A.B. asks: 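For reference, the structure I am asking about is given below.
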Amino acid sequence: MAVVLLSTIPVFCTPEEHRNLVTSTPQNLADIPPVLRHKQDDVRVVFDPPVSTHPEWTVGTLYVIDSHLAFMQNQGDEGFQIQYPAVTLHAISRTEGEAPAVYCQLDDTFGEAARMETDDDDPMTELRIIPNDATALNNIFEALSLCASLHPDAALPDDGDDDEAFIDTNNFDVFDGTEEEELSAVGRVRSDFINNNRYQPY
């Protein structure tokens, strides 16, 4: 399941707090909380289809943290978190007739121990993140891109074949900048890995 319900805000630290903790030489680096890359108040979220256990969400705060994308409603101790590998696509959407938003596609099978191979498309949920302040879209998008780059897809088993054998370029569309939705930086990051160019998030 891509969406995990929460009752408390996830633990995090600011970039400055993270730098101080690292330079203090902690006994265990695993004890250092993940970094908060962006926080946005007055945000609405819309799932399609709705989350069965929580079909509607009121206005709340979005937390783009290194470990998770999280959201907490302003009223009540209710929220959710999503691990970045479950976000298969994210882009800025400025579709006519709809509020500007960060659009995400979520893999509903994420976290399942085993999946049966079928000819059907994988279950997918759409998420629209709609800040009251539309000028915050770029900041949310960039923070999402950075955090997603910290969680690349698991590498396929090496069977000795060329990696290019798994890439069918006929199935890719060329992005020319004319679409309503802007290309996710995750796509650029994954392209860097394919071309053996290391992405440097900092």
Side-chain angles (χ1 to χ4, degrees), residues 1-47 50-90 92 101-113 125-133 135-154 184-186 189-190 199-202:
M1 177 182 293
V3 181
V4 177
L5 300 183
L6 297 176
S7 59
T8 58
I9 300 172
V11 176
F12 60 81
C13 64
T14 66
E16 182 178 359
E17 290 171 337
H18 183 266
R19 285 192 295 269
N20 293 335
L21 288 169
V22 171
T23 56
S24 66
T25 315
Q27 292 184 348
N28 189 351
L29 291 176
D31 293 335
I32 299 178
V35 179
L36 174 68
R37 299 298 176 177
H38 185 78
K39 176 184 176 183
Q40 189 67 40
D41 297 322
D42 297 327
V43 173
R44 292 188 297 116
V45 293
V46 179
F47 288 95
V51 178
S52 59
T53 53
H54 201 298
E56 293 185 4
W57 297 89
T58 59
V59 174
T61 300
L62 183 76
Y63 300 86
V64 187
I65 308 170
D66 277 356
S67 58
H68 296 84
L69 174 66
F71 174 85
M72 291 296 295
Q73 293 185 148
N74 291 341
Q75 298 180 348
D77 297 328
E78 295 179 307
F80 65 81
Q81 68 179 18
I82 301 169
Q83 293 188 44
Y84 293 105
V87 182
T88 58
L89 179 149
H90 71 277
I92 294 177
V102 173
Y103 170 83
C104 300
Q105 289 183 358
L106 310 177
D107 179 5
D108 287 340
T109 65
F110 177 78
E112 294 182 3
T125 293
E126 295 179 319
L127 166 64
R128 291 177 61 83
I129 301 169
I130 309 169
N132 184 53
D133 179 8
T135 63
L137 286 172
N138 283 336
N139 290 335
I140 296 172
F141 174 83
E142 293 298 336
L144 264 171
S145 299
L146 170 60
C147 293
S149 72
L150 302 177
H151 303 268
D153 290 341
S184 165
V186 176
V189 172
R190 289 173 179 168
Y199 175 70
Q200 300 295 334
Y202 299 99

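Below, all heavy atoms of this structure are taken into account, side chains as well, without hydrogens, waters or symmetry copies. All values reported here derive from a predicted model rather than from experimental measurement.
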A.B. asks: Among residues at least two apart in sequence or on other chains, which ones pass side chain to side chain donor-acceptor pair (under 3.5 Å) with Asn20?
C.D. replies: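 Applying side chain to side chain donor-acceptor pair (under 3.5 Å) to Asn20 gives none.
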A.B. asks: Do we see a donor-acceptor contact under 3.5 Å between the side chains of Asp41 and Thr61?
C.D. replies: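 Yes, because at least one side-chain N or O of Asp41 sits under 3.5 Å from a partner of the opposite role on Thr61.
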A.B. asks: Taking only residues two or more places apart in sequence or in another chain, which ones pass ring-ring contact (aromatic ring centres under 6.0 Å, His included) with Phe80?
C.D. replies: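 So Phe80 forms a ring-ring contact (aromatic ring centres under 6.0 Å, His included) with Phe47, Trp57, Phe71.
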A.B. asks: Sequence neighbours excluded, which residues qualify as side-chain contact (heavy atoms from CB on, under 4.5 Å) partners of Glu126?
C.D. replies: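 By the side-chain contact (heavy atoms from CB on, under 4.5 Å) rule, Glu126 matches Asp48, Tyr103, Met124.
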A.B. asks: Measure centre to centre between the rings of His68 and Tyr84, then say whether the value is under 6.0 Å.
C.D. replies: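 No; Tyr84 has its ring centre 6.0 Å or more from that of His68.
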A.B. asks: Compare all side-chain heavy atoms of Val22 with those of Ile32 and state whether any distance is below 4.5 angstrom.
C.D. replies: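 They are in side-chain contact.
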A.B. asks: Atom CG in Leu89, atom SG in Cys104: separation rounded to 0.5 Å?
C.D. replies: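 Answer rounded to 0.5 Å: 8.0 Å.
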A.B. asks: Does a side-chain heavy-atom distance below 4.5 Å link Glu56 with Pro50?
C.D. replies: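 No; the side chains remain at least 4.5 Å from each other.
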A.B. asks: Side chains of Val102 and Leu144: does their closest heavy-atom pair fall under 4.5 Å?
C.D. replies: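 In contact.
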A.B. asks: How about Thr125 and Asp108: does a side-chain donor come under 3.5 Å of a side-chain acceptor?
C.D. replies: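 Asp108 and Thr125 do have a side-chain donor-acceptor pair below 3.5 Å.
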A.B. asks: Return the set of residues passing side chain to side chain donor-acceptor pair (under 3.5 Å) with His38 (not counting sequence neighbours), or none when no residue passes.
C.D. replies: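 If we apply the side chain to side chain donor-acceptor pair (under 3.5 Å) test to His38, skipping adjacent residues, the hits are Gln40.
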A.B. asks: At what distance, to the nearest 0.5 angstrom, does CD1 of Ile129 lie from CD1 of Ile92?
C.D. replies: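 These two atoms lie 11.0 Å from each other.
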A.B. asks: Looking at every heavy atom in both Gly60 and Asn74, which two are closest together, and how far apart are they?
C.D. replies: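 Closest approach of Gly60 to Asn74, heavy atoms only: CA-OD1, 3.4 Å.
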A.B. asks: So, taking the atom named CG in Leu36 and the one named SG in Cys147, what distance separates them when rounded to the nearest 0.5 Å?
C.D. replies: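 With rounding to 0.5 Å, CG (Leu36) is 8.5 Å from SG (Cys147).
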A.B. asks: Evaluate the side-chain proximity of Asp66 to Arg37: yes if any heavy-atom separation is below 4.5 Å, no if none is.
C.D. replies: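 In contact.
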A.B. asks: Which side-chain N or O atoms in residues 10-19 pair as donor and acceptor under 3.5 Å with protein atoms at least two apart or in another chain?
C.D. replies:
{"residue": "Thr14", "atom": "OG1", "partner": "Glu17", "partner atom": "N", "Å": "3.1"}
{"residue": "Thr14", "atom": "OG1", "partner": "Glu17", "partner atom": "OE1", "Å": "3.4"}
{"residue": "Glu17", "atom": "OE1", "partner": "Thr14", "partner atom": "N", "Å": "2.9"}

A.B. asks: Any heavy-atom pair between the side chains of Val87 and Leu106 that's under 4.5 Å?
C.D. replies: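 Yes. Closest side-chain heavy atoms under 4.5 Å.
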A.B. asks: Can you give me the closest heavy-atom contact between Leu21 and Pro33, atom names plus distance?
C.D. replies: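 Of all heavy-atom pairs spanning Leu21 and Pro33, the closest is CD1-CD, 4.0 Å.
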A.B. asks: Report the residues that fulfil side chain to side chain donor-acceptor pair (under 3.5 Å) with Ser67, sequence neighbours left out, ordered by chain and then residue number.
C.D. replies: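 Per chain and number, Ser67 pairs via side chain to side chain donor-acceptor pair (under 3.5 Å) with no residue.
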A.B. asks: Check whether any side-chain heavy atom of Leu62 lies under 4.5 Å from a side-chain heavy atom of Leu69, and answer yes or no.
C.D. replies: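 Yes, side chains in contact.
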A.B. asks: Apply side-chain contact (heavy atoms from CB on, under 4.5 Å) to the pair Leu6 and Met72, showing each step before the final yes or no.
C.D. replies: CA-CA 8 Å; Leu6 297 176; Met72 291 296 295; 4.3 Å; yes
A.B. asks: Decide yes or no on side-chain contact (heavy atoms from CB on, under 4.5 Å) for Leu127 and Ile82, but give the supporting numbers first.
C.D. replies: CA-CA 11 Å; Leu127 166 64; Ile82 301 169; 4.0 Å; yes
A.B. asks: Can any side-chain N or O of Ser7 pair as donor or acceptor with the backbone N or O of Asp77 at less than 3.5 Å?
C.D. replies: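 Side chain of Ser7 to backbone of Asp77, a donor-acceptor pair under 3.5 Å: no, none is there.
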A.B. asks: Roughly how far, to the nearest 0.5 Å, is the OG1 atom of Thr53 from the CD atom of Glu78?
C.D. replies: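 Nearest 0.5 Å value for the CD-OG1 distance: 9.5 Å.
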